[in-house]
Amino acid sequence: MSTKKEPDKGLKPLDVAEGDTVVMRFAPNPNGPPTLGSTRGIVVNSEYVKKYGGKFIIRFDDTDPQTKRPMLEAYDWYLEDCEWLDAKPDEVVIASDRVPMYYDYARKLMEMGHAYVCFCEGGDFKKFKDAKEPCPHRDQNPDTNLEYWNKMISGEYEEKTAVLRIKTDITHKDPALRDFGAFRIVKTAHPRAEVDDKYCVWPLLDFQGAIEDHELGMTHIIRGKDLMDSEKRQTYIYNYLGWEYPKTTHWGRVKMHEFGKFSTSGLRHAIEEGEYSGWDDPRLPTLRALRRRGILPEAIRKFMIEMGVGETDISLSFDTLYAENRKIIDPKANRYFFVWDPVELEITNAEACTVTPSLHPTEKRGTRSIDVDSKICICNDDVGNLELGSKLRLKDLYNVEITSMDPLQASYIDDSMDTAKKEKMRIIHWAPENGHPVKVLAPHGEFEGIGEKQITEELENVVQFERFGFCRIDDVGKEIVAYYTHK
RNA sequence: GCUCCGGUAGUGUAGUCCGGUCAAUCAUUCCAGCCUUUCGAGCUGAAAACUCGGGUUCGAAUCCCGGCCGGAGCACCA
């Protein structure tokens, strides 16, 4: 296979034999909603499956009922968001449903002499490990281990008093690879009703993931490079059981410039404290929030795919995502006037009229219609640039001259665009005084003002408020609520 | 302390495996100009990078060694 000229931009070809398909997975712990960080795993893995054919599996690694306790709603959130991202999984697996299988393999490894129940206190074990010495329990015979194991799973031991370890090489030069833990005792019930307090011994990631990746027939794994050692540990299990390890690729840490690291627990705390309105607060980098703001899944996919898979730690800017989204949205979004921080302007000699500006500057999509009488609203920002005698073009309406600053009044000059051009008038937008109240929720704050009535016809669409930015219309009740997309 | 990764313009990426065609790709950002009844879009132009030091070689972003910087693992978290 020639790799001289790369055919695809973005994702590099995977090591797949001609004609073979792939099985890949995205394995989150549902302890919060998917964020832009999770998206990389969803998009990249699913994209490879689309490319090579095969199966995309979402596996909930929810085997920690305590420290990273799963959130019940999050299971569905992940499925929704996957589907939204055009990455509907072919199979959904929930680890907490499969504990008996993990137990079976644990027994098998004990019988083979590759695992032992260790009663060392954490610190003590660390001492042995750092000294490259076996702990006193390492050489227990299989029957003894099985006996202890049975007591473990029947709840006879307290938390932290026993743990099942996989034997690796206690003298390995890398301390991270010496006899790692595979199961521990957790006496907190699992949040899922189906599971509840059925088990008090839970597998740890390296064990659970190792077994599942084999059971589910994974051919390729792409995940964070913080899990590189995980692969080395899991390889011991694979060797013991005579399995072949899937091909792996890793990526580095991702940060968002504007946000920093997003830790699910940190976000949850901030929400509980009332710092954010919820998981879809427009300031948050969760998929729910981005969706509500009108960021399209295509833009997110493209963004992630063009980023590719590299081991470098990266710090991204939302601007790149916004640029991607803007390209898609700009031709689709209808234009409307929204006046934030409005100030009333009376046109003293104007006659009531109706204007019909086009919905889009280049796409021929028809017009909107605005009834205007003698009073309109303009942005306070624009008022700041005015003085007595200033001439203005009210976009798509007519030209006026300021005749009074307080109260703000102007007199009608004419309709002609030529006049406006000749006199190089500033062109500003406006809204009818009897328009509809609008509130915009944006990452950088809230804006209240007044907009065209016709915006109420755009529920759930992304529109552009001219000279303001793109917004997704979220609600059109007494007040229009819009979520800011981006400039 | 031990171990493992990585380091190309502001940001992200291509190229690194199999040294030359790389005076280094593309996107975004920024700046300037054009265009436009939006401060949006579009168009044109510009700025901007191989972490450092040695070595190998006719030749190194690419291979080797060392330093520096960044990240990660050594958890009864995932």
Side-chain angles (χ1 to χ4, degrees), chain A residues 3-4 6 9-10 12 27-31 60-64 66-70 95 118 120-122 125-126 129-130 132 159-165 172-178 180-186 201-206 208-209 223-233 250 252-255 257 264-265 302-303 306-308 310-324 326-327 329-331 333 335-337 357-358 360-363 381 393-399 417-418 420-421 425-429 464-470 486-487:
Chain A
T3 48
K4 202 73 184 161
E6 220 202 313
K9 250 186 183 164
K12 292 178 197 161
N29 175 357
N31 63 339
F60 292 107
D61 282 351
D62 59 346
T63 54
D64 177 7
Q66 204 163 55
T67 319
K68 287 196 175 168
R69 191 175 170 79
C118 173
C120 291
E121 204 184 288
F125 182 79
K126 184 172 162 51
K129 188 190 62 187
D130 288 346
K132 302 188 180 177
E159 285 187 11
K160 304 212 182 241
T161 57
V163 52
L164 185 80
R165 289 187 189 287
H172 198 287
K173 66 169 182 170
D174 183 349
L177 303 191
R178 298 176 199 150
F180 61 91
F183 287 83
R184 82 312 204 178
I185 300 167
V186 179
V201 171
W202 286 93
L204 288 154
L205 171 80
D206 286 329
Q208 183 265 127
R223 60 183 167 199
K225 73 175 178 180
D226 48 320
L227 263 25
M228 276 178 150
D229 284 340
S230 215
E231 170 171 353
K232 293 180 189 152
R233 286 189 285 262
H250 302 94
R253 280 162 55 107
V254 184
K255 276 193 299 188
H257 256 149
T264 306
S265 45
K302 200 157 178 240
F303 177 65
E306 290 193 347
M307 192 160 83
E311 290 189 15
T312 321
D313 296 327
I314 54 179
S315 183
L316 298 165
S317 165
F318 273 109
D319 285 347
T320 319
L321 174 62
Y322 293 161
E324 216 57 76
R326 191 179 297 118
K327 280 180 205 158
I329 270 176
D330 186 72
R335 268 57 173 174
Y336 291 96
F337 291 150
S358 32
H360 194 280
T362 53
E363 310 284 318
D381 292 351
R393 171 71 185 182
L394 297 169
K395 188 169 188 275
D396 296 313
L397 183 59
Y398 45 57
N399 308 319
M417 194 54 214
D418 290 339
K421 277 184 182 163
M425 290 181 197
R426 177 188 296 277
I427 299 168
I428 67 166
H429 71 296
Q464 189 202 46
F465 288 150
E466 294 198 28
R467 305 210 301 150
F468 181 74
F470 293 92
H486 47 64
K487 206 171 77 170

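Chain letters run A, B, ... following the sequence lines, proteins first and then strands; every chain starts at 1.
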Starting at atom [atom1] of [X], determine the distance to atom [atom2] of [N], rounded to an integer number of angstrom.
X        : N     : atom1 : atom2 : result
A/His429 : B/G40 : NE2   : C1'   : 13 Å
A/Glu231 : B/C5  : CD    : C1'   : 12 Å
A/Ile427 : B/U37 : CD1   : C1'   : 4 Å
A/Ile329 : B/A41 : CD1   : P     : 12 Å
A/Phe465 : B/G40 : CZ    : P     : 17 Å
A/Leu205 : B/A75 : CG    : P     : 14 Å
A/Leu204 : B/C74 : CG    : P     : 11 Å
A/Asp229 : B/G71 : CG    : C1'   : 13 Å

Could you tell me how far [M] sits from [N] if I compare only their [atom1] atoms? Round to whole Å.
N     : M     : atom1 : value
B/C58 : B/A48 : C1'   : 32 Å
B/A32 : B/A41 : P     : 16 Å
B/U29 : B/G12 : C1'   : 11 Å
B/G73 : B/A61 : C1'   : 29 Å
B/A72 : B/A78 : C1'   : 14 Å
B/G33 : B/A47 : C1'   : 15 Å
B/C35 : B/U51 : P     : 42 Å
B/C69 : B/U25 : P     : 31 Å

Please answer whether the main-chain N or O of [Y] pairs with a side-chain N or O of [X] as donor and acceptor at a distance below 3.5 Å.
X        : Y        : result
A/Lys225 : A/His250 : no
A/His172 : A/Lys132 : no
A/Arg233 : A/Ala176 : yes

Just verifying a value: how many Å separate [X] [atom1] and [Y] [atom2], rounded to the nearest 0.5 Å?
X        : Y        : atom1 : atom2 : value
A/Ile329 : A/Lys327 : CD1   : NZ    : 13.0 Å
A/Asp62  : A/Trp202 : CG    : CH2   : 6.5 Å
A/Glu466 : A/Phe337 : CD    : CZ    : 5.0 Å

Open item on the list: Which label fits A/Tyr322 and A/Phe318: parallel for a plane angle under 30°, tilted from 30 to 60°, or perpendicular past 60°?
Closed with: parallel
Applying a 4.0 Å non-hydrogen cut-off, can you work out what [X] is touching in the nucleic acid: base, sugar-phosphate, or nothing?
X        : value
A/Asp396 : base
A/Ser315 : sugar-phosphate
A/Cys120 : base
A/Asp226 : base
A/Pro331 : nothing
A/Arg69  : nothing
A/Gln464 : base
A/Asp174 : base
A/Ser230 : nothing
A/Met417 : base

Task: Consecutive-pair stems (at least three Watson-Crick or G-U pairs, under 3.5 Å) that include RNA chain B - done: B:1-7 with B:68-74, B:10-12 with B:26-28, B:31-34 with B:42-45, B:51-55 with B:63-67
Just compare [options] and give me whichever is closest to any side-chain atom of [X].
X        : options             : value
A/Lys12  : B/G15, B/U38, B/U37 : B/G15
A/His257 : B/U11, B/C76, B/U38 : B/U11
A/Met228 : B/U38, B/C4, B/G15  : B/C4
A/Pro175 : B/G71, B/A78, B/G73 : B/G73
A/Asp313 : B/G73, B/U37, B/G70 : B/G70
A/Lys68  : B/U3, B/A78, B/G40  : B/A78
A/Arg165 : B/C76, B/U11, B/G73 : B/C76
A/Phe470 : B/G71, B/G7, B/G40  : B/G40
A/Lys395 : B/G6, B/U38, B/G71  : B/U38
A/Asp330 : B/A41, B/A78, B/G12 : B/A41

Task: Worked verdict on A/Asp64 versus A/Arg184 for salt bridge (charged side-chain N to carboxylate O under 4.0 Å, His left out) - done: CA-CA 10 Å; A/Asp64 177 7; A/Arg184 82 312 204 178; 3.6 Å; yes
Open item on the list: Quick check on A/Glu121: does its CD atom have over 12 non-hydrogen neighbours (other residues, nucleotides or ligands) under 6.0 Å away?
Closed with: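 At most 12 heavy atoms, drawn from other residues, nucleotides or ligands, come within 6.0 Å of this atom.
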Open item on the list: Whether A/Lys421 contacts B/U37 is assessed here as follows: a side-chain N or O lying under 4.0 Å from the phosphate OP1 or OP2. Is that the case?
Closed with: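 Indeed, a polar side-chain atom of A/Lys421 lies that close.
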TODO: Respond yes when some side-chain nitrogen or oxygen of A/Arg184 is under 4.0 Å from OP1 or OP2 of B/C77, and no when none is.
DONE: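 Indeed, a polar side-chain atom of A/Arg184 lies that close.
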Could you list, one pair per line, each protein nitrogen or oxygen that sits under 3.5 Å from a nitrogen or oxygen of nucleotides 27-29 of chain B, together with the distance?
| from | atom 1 | to | atom 2 | distance (Å) |
| --- | --- | --- | --- | --- |
| B/U28 | OP1 | A/Lys327 | NZ | 3.4 |

